[in-house]
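These numbers come from the heavy atoms of this one structure, side chains and all, not from hydrogens, waters or symmetry mates.
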Amino acid sequence: MDFDLTEEQRLLQDSVARLLGNKYGFEQRKGYMKSADGWSREVWSQYAELGLLGLPFGEDEGGFGGGPVETLIVAEQIGRYITLEPWMSTVVIGGGFLRHGASQELRNELVPQVASGEMLLAFAQVERQSRYDLFDVATTAKKDGDGWVINGRKGYVVHGDSADRLIVTARTAGDRRERKGIGVFLVDAKGPGVERRGYRTVDGQRAAEVELSGARAVAVLGNPEDGLPLVDQVVDECIAALAGEAVGAMQAVHDMTIDYMKTRQQFGRPIGSFQALQHRAADMLVALEQSRSMSYFAAMSAAERNPVERRKAMAAVKVQIGRSARFVGQQSVQLHGGIAMTIEYAAGHYFKRLTVNDAMFGDADHYVRDLSETGGLVAAA
(Lines give C-alpha, C1' and ligand atoms only; values in the text may rest on other atoms or scores of the structure.)
Protein backbone atom coordinates (compact mmCIF):
# COMPACT_ATOMS: atom_id res chain seq x y z
CA MET A 1 0.00 0.00 0.00
CA ASP A 2 1.35 3.42 -0.97
CA PHE A 3 1.47 5.90 1.90
CA ASP A 4 3.32 8.60 -0.03
CA LEU A 5 1.56 11.96 -0.19
CA THR A 6 0.39 13.36 -3.50
CA GLU A 7 1.85 16.60 -4.79
CA GLU A 8 -1.25 18.51 -3.61
CA GLN A 9 -1.05 16.93 -0.16
CA ARG A 10 2.64 17.81 0.18
CA LEU A 11 1.82 21.38 -0.82
CA LEU A 12 -0.88 21.50 1.86
CA GLN A 13 1.53 20.12 4.44
CA ASP A 14 4.25 22.62 3.51
CA SER A 15 1.81 25.56 3.51
CA VAL A 16 0.46 24.79 6.99
CA ALA A 17 3.95 24.12 8.37
CA ARG A 18 5.21 27.42 6.94
CA LEU A 19 2.29 29.39 8.35
CA LEU A 20 2.54 27.92 11.84
CA GLY A 21 6.32 28.03 11.81
CA ASN A 22 6.12 31.81 11.27
CA LYS A 23 3.16 32.49 13.57
CA TYR A 24 3.45 29.96 16.36
CA GLY A 25 6.74 30.31 18.14
CA PHE A 26 6.45 29.37 21.81
CA GLU A 27 6.53 33.01 22.96
CA GLN A 28 3.95 33.95 20.33
CA ARG A 29 1.71 31.16 21.59
CA LYS A 30 1.89 32.48 25.14
CA GLY A 31 0.85 35.89 23.84
CA TYR A 32 -2.18 34.42 22.06
CA MET A 33 -3.14 32.59 25.23
CA LYS A 34 -3.28 35.86 27.17
CA SER A 35 -5.48 37.61 24.61
CA ALA A 36 -9.21 38.21 25.12
CA ASP A 37 -10.19 35.21 22.98
CA GLY A 38 -7.36 32.99 24.18
CA TRP A 39 -6.28 32.46 20.56
CA SER A 40 -5.33 34.52 17.51
CA ARG A 41 -7.96 36.00 15.20
CA GLU A 42 -5.16 36.95 12.81
CA VAL A 43 -3.97 33.36 12.51
CA TRP A 44 -7.59 32.25 12.12
CA SER A 45 -8.03 34.56 9.14
CA GLN A 46 -4.88 33.10 7.60
CA TYR A 47 -6.31 29.60 8.10
CA ALA A 48 -9.26 30.82 6.01
CA GLU A 49 -6.97 32.21 3.29
CA LEU A 50 -5.21 28.83 3.00
CA GLY A 51 -8.55 27.02 2.75
CA LEU A 52 -8.08 25.17 6.04
CA LEU A 53 -11.50 26.21 7.36
CA GLY A 54 -13.26 24.82 4.31
CA LEU A 55 -11.09 21.70 4.24
CA PRO A 56 -13.77 18.95 4.60
CA PHE A 57 -16.49 20.62 2.53
CA GLY A 58 -17.14 19.97 -1.14
CA GLU A 59 -15.80 22.38 -3.71
CA ASP A 60 -19.36 22.99 -4.91
CA GLU A 61 -20.12 24.42 -1.45
CA GLY A 62 -17.08 26.69 -1.44
CA GLY A 63 -14.84 24.23 0.41
CA PHE A 64 -11.45 22.64 -0.18
CA GLY A 65 -12.79 19.17 -0.99
CA GLY A 66 -10.38 17.40 1.34
CA GLY A 67 -10.86 14.00 2.95
CA PRO A 68 -9.54 12.22 6.07
CA VAL A 69 -5.93 12.25 4.82
CA GLU A 70 -5.95 16.02 4.28
CA THR A 71 -7.52 16.45 7.72
CA LEU A 72 -4.77 14.26 9.18
CA ILE A 73 -2.08 16.37 7.50
CA VAL A 74 -3.40 19.61 8.97
CA ALA A 75 -4.07 18.08 12.39
CA GLU A 76 -0.48 16.83 12.62
CA GLN A 77 0.88 20.33 12.06
CA ILE A 78 -1.60 21.76 14.59
CA GLY A 79 -0.30 19.24 17.12
CA ARG A 80 3.30 20.05 16.27
CA TYR A 81 2.72 23.67 17.29
CA ILE A 82 -0.03 22.95 19.90
CA THR A 83 -2.15 25.73 18.42
CA LEU A 84 -5.04 27.34 20.28
CA GLU A 85 -7.52 28.23 17.52
CA PRO A 86 -10.92 26.43 17.36
CA TRP A 87 -10.06 24.42 14.24
CA MET A 88 -10.96 21.03 15.69
CA SER A 89 -14.26 22.19 17.19
CA THR A 90 -15.37 24.30 14.21
CA VAL A 91 -14.01 22.50 11.15
CA VAL A 92 -13.67 18.84 12.15
CA ILE A 93 -16.55 18.44 14.61
CA GLY A 94 -18.84 21.26 13.50
CA GLY A 95 -18.06 20.62 9.86
CA GLY A 96 -18.79 16.94 10.35
CA PHE A 97 -22.25 17.65 11.73
CA LEU A 98 -23.00 20.01 8.85
CA ARG A 99 -21.82 17.56 6.21
CA HIS A 100 -23.61 14.53 7.60
CA GLY A 101 -26.65 16.01 9.33
CA ALA A 102 -27.60 19.41 7.92
CA SER A 103 -30.08 20.06 5.15
CA GLN A 104 -28.77 21.38 1.85
CA GLU A 105 -30.36 24.73 2.63
CA LEU A 106 -28.58 24.97 5.99
CA ARG A 107 -25.25 23.95 4.45
CA ASN A 108 -25.65 26.59 1.76
CA GLU A 109 -26.12 29.15 4.52
CA LEU A 110 -23.41 28.09 6.99
CA VAL A 111 -20.59 26.43 5.03
CA PRO A 112 -19.44 29.68 3.34
CA GLN A 113 -19.44 31.39 6.75
CA VAL A 114 -17.39 28.59 8.30
CA ALA A 115 -14.96 28.50 5.37
CA SER A 116 -14.41 32.27 5.53
CA GLY A 117 -13.81 32.25 9.30
CA GLU A 118 -16.97 34.19 10.15
CA MET A 119 -18.80 31.32 11.88
CA LEU A 120 -17.42 29.45 14.91
CA LEU A 121 -18.99 26.19 16.09
CA ALA A 122 -18.71 24.16 19.29
CA PHE A 123 -20.04 20.75 20.33
CA ALA A 124 -22.01 20.80 23.60
CA GLN A 125 -22.25 17.15 24.55
CA VAL A 126 -20.51 16.40 27.86
CA GLU A 127 -22.66 16.43 31.01
CA ARG A 128 -21.66 16.02 34.66
CA GLN A 129 -22.79 12.42 34.83
CA SER A 130 -22.01 11.31 31.26
CA ARG A 131 -18.22 10.88 31.42
CA TYR A 132 -17.32 9.25 28.06
CA ASP A 133 -20.75 7.82 27.20
CA LEU A 134 -22.14 9.73 24.22
CA PHE A 135 -25.59 8.28 24.84
CA ASP A 136 -25.83 9.48 28.47
CA VAL A 137 -27.90 12.63 27.89
CA ALA A 138 -30.07 14.32 30.51
CA THR A 139 -30.56 17.61 28.64
CA THR A 140 -34.06 17.66 27.15
CA ALA A 141 -35.57 18.98 23.94
CA LYS A 142 -39.35 19.46 23.81
CA LYS A 143 -41.36 20.11 20.69
CA ASP A 144 -42.92 23.57 20.69
CA GLY A 145 -44.89 24.40 17.57
CA ASP A 146 -42.54 24.15 14.61
CA GLY A 147 -39.42 24.25 16.78
CA TRP A 148 -37.68 22.73 19.79
CA VAL A 149 -37.03 24.15 23.26
CA ILE A 150 -33.94 22.89 25.07
CA ASN A 151 -33.20 22.75 28.81
CA GLY A 152 -30.11 21.39 30.52
CA ARG A 153 -26.45 21.89 31.31
CA LYS A 154 -23.34 21.04 29.35
CA GLY A 155 -19.79 21.10 30.62
CA TYR A 156 -16.41 21.17 28.89
CA VAL A 157 -17.66 22.67 25.65
CA VAL A 158 -14.34 23.23 23.87
CA HIS A 159 -14.24 26.80 22.54
CA GLY A 160 -17.83 27.19 23.66
CA ASP A 161 -17.15 30.67 25.03
CA SER A 162 -16.36 32.11 21.57
CA ALA A 163 -18.69 29.98 19.42
CA ASP A 164 -21.46 31.59 17.39
CA ARG A 165 -23.49 28.37 17.22
CA LEU A 166 -23.60 25.43 19.60
CA ILE A 167 -24.27 21.88 18.42
CA VAL A 168 -26.23 20.41 21.33
CA THR A 169 -27.25 16.83 22.08
CA ALA A 170 -30.59 16.66 23.86
CA ARG A 171 -33.06 13.93 24.73
CA THR A 172 -36.36 13.99 22.89
CA ALA A 173 -37.63 10.70 24.33
CA GLY A 174 -36.69 7.80 26.62
CA ASP A 175 -34.61 7.44 29.77
CA ARG A 176 -31.29 9.18 30.37
CA ARG A 177 -29.07 6.32 29.13
CA GLU A 178 -31.16 5.04 26.24
CA ARG A 179 -29.51 5.08 22.85
CA LYS A 180 -32.70 6.05 21.08
CA GLY A 181 -34.45 9.38 21.59
CA ILE A 182 -31.37 11.61 21.25
CA GLY A 183 -31.49 14.60 18.93
CA VAL A 184 -28.77 16.98 17.71
CA PHE A 185 -29.72 20.65 17.58
CA LEU A 186 -28.10 23.85 16.37
CA VAL A 187 -28.49 26.65 18.93
CA ASP A 188 -27.57 30.34 18.71
CA ALA A 189 -24.85 30.68 21.36
CA LYS A 190 -25.77 34.33 21.92
CA GLY A 191 -29.53 33.80 21.88
CA PRO A 192 -32.02 33.96 24.77
CA GLY A 193 -31.90 31.10 27.24
CA VAL A 194 -28.18 30.44 26.75
CA GLU A 195 -25.65 31.26 29.47
CA ARG A 196 -21.94 30.53 29.12
CA ARG A 197 -19.06 30.59 31.58
CA GLY A 198 -15.73 30.45 29.79
CA TYR A 199 -12.47 29.21 31.28
CA ARG A 200 -8.98 28.15 30.26
CA THR A 201 -8.26 24.43 30.12
CA VAL A 202 -5.15 22.79 31.54
CA ASP A 203 -3.47 22.75 28.10
CA GLY A 204 -4.13 26.44 27.42
CA GLN A 205 -7.22 26.12 25.21
CA ARG A 206 -10.59 27.68 25.94
CA ALA A 207 -13.80 25.92 26.98
CA ALA A 208 -17.11 26.79 28.59
CA GLU A 209 -19.87 25.51 30.80
CA VAL A 210 -23.23 26.12 29.13
CA GLU A 211 -26.65 26.37 30.73
CA LEU A 212 -29.70 26.12 28.49
CA SER A 213 -32.96 27.45 29.94
CA GLY A 214 -35.71 27.47 27.36
CA ALA A 215 -33.23 27.96 24.51
CA ARG A 216 -34.80 27.53 21.07
CA ALA A 217 -33.06 25.46 18.43
CA VAL A 218 -32.16 27.21 15.20
CA ALA A 219 -32.17 23.90 13.31
CA VAL A 220 -32.25 20.14 13.75
CA LEU A 221 -29.29 18.09 12.50
CA GLY A 222 -30.28 14.62 11.40
CA ASN A 223 -33.12 12.65 12.94
CA PRO A 224 -34.28 14.21 16.25
CA GLU A 225 -35.52 10.82 17.45
CA ASP A 226 -32.36 8.89 16.54
CA GLY A 227 -29.37 11.21 16.34
CA LEU A 228 -26.82 9.02 18.11
CA PRO A 229 -25.51 7.38 14.89
CA LEU A 230 -24.75 10.89 13.59
CA VAL A 231 -22.90 11.74 16.81
CA ASP A 232 -20.93 8.49 16.64
CA GLN A 233 -19.89 9.15 13.04
CA VAL A 234 -18.68 12.68 13.72
CA VAL A 235 -16.85 11.65 16.90
CA ASP A 236 -15.09 8.82 15.05
CA GLU A 237 -13.91 11.30 12.42
CA CYS A 238 -12.69 13.58 15.18
CA ILE A 239 -10.79 10.71 16.82
CA ALA A 240 -8.92 10.24 13.53
CA ALA A 241 -8.00 13.93 13.53
CA LEU A 242 -7.00 13.80 17.21
CA ALA A 243 -4.66 10.92 16.33
CA GLY A 244 -2.89 13.14 13.82
CA GLU A 245 -2.68 15.98 16.33
CA ALA A 246 -1.16 13.66 18.94
CA VAL A 247 1.45 12.40 16.47
CA GLY A 248 2.45 15.98 15.66
CA ALA A 249 2.82 16.83 19.34
CA MET A 250 4.78 13.65 20.05
CA GLN A 251 7.11 14.34 17.12
CA ALA A 252 7.77 17.87 18.39
CA VAL A 253 8.43 16.84 21.98
CA HIS A 254 10.65 13.94 20.86
CA ASP A 255 12.73 16.29 18.69
CA MET A 256 12.94 18.74 21.58
CA THR A 257 14.12 16.01 23.94
CA ILE A 258 16.82 14.74 21.56
CA ASP A 259 18.14 18.28 21.09
CA TYR A 260 18.23 18.76 24.86
CA MET A 261 20.12 15.49 25.35
CA LYS A 262 22.75 16.67 22.89
CA THR A 263 23.40 19.93 24.77
CA ARG A 264 22.74 19.20 28.46
CA GLN A 265 26.06 18.41 30.17
CA GLN A 266 26.52 16.08 33.14
CA PHE A 267 29.84 14.74 34.44
CA GLY A 268 31.55 16.71 31.68
CA ARG A 269 29.68 15.09 28.77
CA PRO A 270 26.28 15.38 27.03
CA ILE A 271 23.63 13.28 28.72
CA GLY A 272 22.78 11.89 25.28
CA SER A 273 26.01 9.90 25.42
CA PHE A 274 24.71 7.78 28.32
CA GLN A 275 23.46 4.44 27.03
CA ALA A 276 20.54 4.15 29.44
CA LEU A 277 19.16 7.50 28.25
CA GLN A 278 19.72 6.54 24.61
CA HIS A 279 17.51 3.50 25.26
CA ARG A 280 14.78 5.76 26.63
CA ALA A 281 14.95 8.01 23.59
CA ALA A 282 14.78 4.95 21.31
CA ASP A 283 11.70 3.69 23.15
CA MET A 284 10.11 7.11 22.66
CA LEU A 285 10.76 6.84 18.92
CA VAL A 286 9.19 3.38 18.78
CA ALA A 287 6.06 4.66 20.55
CA LEU A 288 5.91 7.63 18.18
CA GLU A 289 6.17 5.48 15.05
CA GLN A 290 3.56 3.04 16.36
CA SER A 291 1.25 6.01 16.79
CA ARG A 292 2.03 7.32 13.33
CA SER A 293 1.01 3.99 11.84
CA MET A 294 -2.22 4.04 13.85
CA SER A 295 -2.96 7.58 12.68
CA TYR A 296 -2.76 6.32 9.08
CA PHE A 297 -5.08 3.47 10.04
CA ALA A 298 -7.47 6.00 11.60
CA ALA A 299 -7.54 8.09 8.43
CA MET A 300 -8.31 5.03 6.33
CA SER A 301 -11.00 3.85 8.77
CA ALA A 302 -12.77 7.20 9.20
CA ALA A 303 -14.90 6.65 6.10
CA GLU A 304 -15.88 3.07 7.05
CA ARG A 305 -19.63 2.74 6.50
CA ASN A 306 -20.13 -0.06 9.02
CA PRO A 307 -20.46 1.82 12.33
CA VAL A 308 -19.52 -1.21 14.44
CA GLU A 309 -16.29 -1.85 12.55
CA ARG A 310 -15.49 1.88 12.45
CA ARG A 311 -15.90 2.19 16.21
CA LYS A 312 -13.67 -0.86 16.81
CA ALA A 313 -10.99 0.70 14.64
CA MET A 314 -11.20 4.03 16.46
CA ALA A 315 -11.12 2.29 19.83
CA ALA A 316 -7.87 0.58 18.84
CA VAL A 317 -6.49 3.92 17.65
CA LYS A 318 -7.42 5.56 20.93
CA VAL A 319 -5.71 2.81 22.95
CA GLN A 320 -2.41 2.95 21.06
CA ILE A 321 -2.28 6.73 20.70
CA GLY A 322 -3.22 7.32 24.35
CA ARG A 323 -0.65 4.90 25.73
CA SER A 324 2.10 6.16 23.43
CA ALA A 325 1.31 9.80 24.21
CA ARG A 326 1.51 9.16 27.93
CA PHE A 327 4.82 7.33 27.57
CA VAL A 328 6.41 9.91 25.26
CA GLY A 329 5.24 12.81 27.44
CA GLN A 330 6.46 11.21 30.66
CA GLN A 331 9.83 10.28 29.20
CA SER A 332 10.31 13.79 27.83
CA VAL A 333 9.68 15.29 31.26
CA GLN A 334 12.03 12.78 32.91
CA LEU A 335 14.84 13.34 30.42
CA HIS A 336 14.55 17.11 30.65
CA GLY A 337 14.49 17.08 34.42
CA GLY A 338 13.10 19.95 36.48
CA ILE A 339 13.03 22.44 33.59
CA ALA A 340 10.20 20.48 31.93
CA MET A 341 7.95 21.24 34.91
CA THR A 342 8.21 25.00 34.47
CA ILE A 343 5.61 27.05 32.63
CA GLU A 344 8.39 28.87 30.77
CA TYR A 345 9.51 25.71 28.94
CA ALA A 346 7.57 24.05 26.12
CA ALA A 347 7.91 20.36 27.02
CA GLY A 348 5.34 20.49 29.81
CA HIS A 349 2.86 22.26 27.54
CA TYR A 350 3.12 19.45 25.00
CA PHE A 351 2.56 16.86 27.71
CA LYS A 352 -0.56 18.74 28.83
CA ARG A 353 -1.94 18.81 25.29
CA LEU A 354 -1.25 15.10 24.88
CA THR A 355 -3.04 14.40 28.15
CA VAL A 356 -6.11 16.41 27.12
CA ASN A 357 -6.01 14.82 23.66
CA ASP A 358 -6.11 11.36 25.27
CA ALA A 359 -9.17 12.28 27.36
CA MET A 360 -11.21 13.68 24.46
CA PHE A 361 -14.19 11.35 23.86
CA GLY A 362 -12.63 8.64 26.01
CA ASP A 363 -9.12 7.79 27.19
CA ALA A 364 -7.07 4.67 26.45
CA ASP A 365 -8.35 2.77 29.49
CA HIS A 366 -11.96 3.45 28.48
CA TYR A 367 -11.40 2.02 25.01
CA VAL A 368 -9.53 -1.03 26.31
CA ARG A 369 -12.72 -1.91 28.18
CA ASP A 370 -14.77 -1.07 25.10
CA LEU A 371 -12.71 -3.40 22.90
CA SER A 372 -12.83 -6.20 25.47
CA GLU A 373 -16.62 -6.00 25.55
CA THR A 374 -16.94 -6.11 21.75
CA GLY A 375 -14.47 -8.96 21.19
CA GLY A 376 -11.42 -6.98 20.15
CA LEU A 377 -10.40 -5.36 16.87
CA VAL A 378 -10.13 -8.71 15.10
CA ALA A 379 -12.48 -11.52 16.04
CA ALA A 380 -10.78 -14.71 17.24
CA ALA A 381 -10.89 -17.62 14.79
Any [X] side-chain heavy atom under 4.5 Å of [Y] side chain:
X: Asp164; Y: Lys190; result: yes
X: Lys23; Y: Gln46; result: yes
X: Lys142; Y: Trp148; result: no

Near-ring test Phe97/Phe123, centroid separation under 6.0 angstrom: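 They qualify: ring centres under 6.0 Å apart.
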Pair Phe361 + His366: ring centers closer than 6.0 Å: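 No: the rings miss the under 6.0 Å criterion.
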For [X] and [Y], does a side-chain donor sit closer than 3.5 Å to a side-chain acceptor?
X: Glu85; Y: His159; answer: no
X: Ser324; Y: Gln320; answer: yes
X: Gln104; Y: Arg107; answer: yes
X: Gln129; Y: Asp136; answer: yes
X: Ser301; Y: Lys312; answer: no
X: Ser35; Y: Asp37; answer: no

Can [X] and [Y] be counted as an ion pair, charged N to O under 4.0 angstrom?
X: Arg353; Y: Asp203; answer: yes
X: Asp188; Y: Arg216; answer: no
X: Glu211; Y: Arg196; answer: no
X: Arg80; Y: Asp255; answer: yes

Interatomic spacing from OG1 in Thr172 to CD1 in Ile182 - rounded to 0.5 Å: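 Here the interatomic distance stands at 8.5 Å.
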For residues 68-78, dump all side-chain donor-acceptor pairs below 3.5 Å to protein atoms at least two apart in sequence or in another chain.
{"residue": "Glu70", "atom": "OE1", "partner": "Gly67", "partner atom": "N", "Å": "2.8"}
{"residue": "Glu70", "atom": "OE2", "partner": "Gln9", "partner atom": "NE2", "Å": "2.9"}
{"residue": "Thr71", "atom": "OG1", "partner": "Gly67", "partner atom": "O", "Å": "3.2"}
{"residue": "Glu76", "atom": "OE2", "partner": "Arg292", "partner atom": "NH1", "Å": "3.2"}

For Phe57 against Gly95, the heavy-atom pair lying closest together: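 What the structure gives for the nearest pair is CZ-CA, 3.5 Å.
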NZ or CZ of Arg29 within 45° of Tyr24 ring axis and under 6.0 Å: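 The answer is no; the distance or angle limit is not met.
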Linked, directly or transitively: Leu335 and Val333 (ILVMFWY side chains, under 4.5 Å):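 Different clusters.
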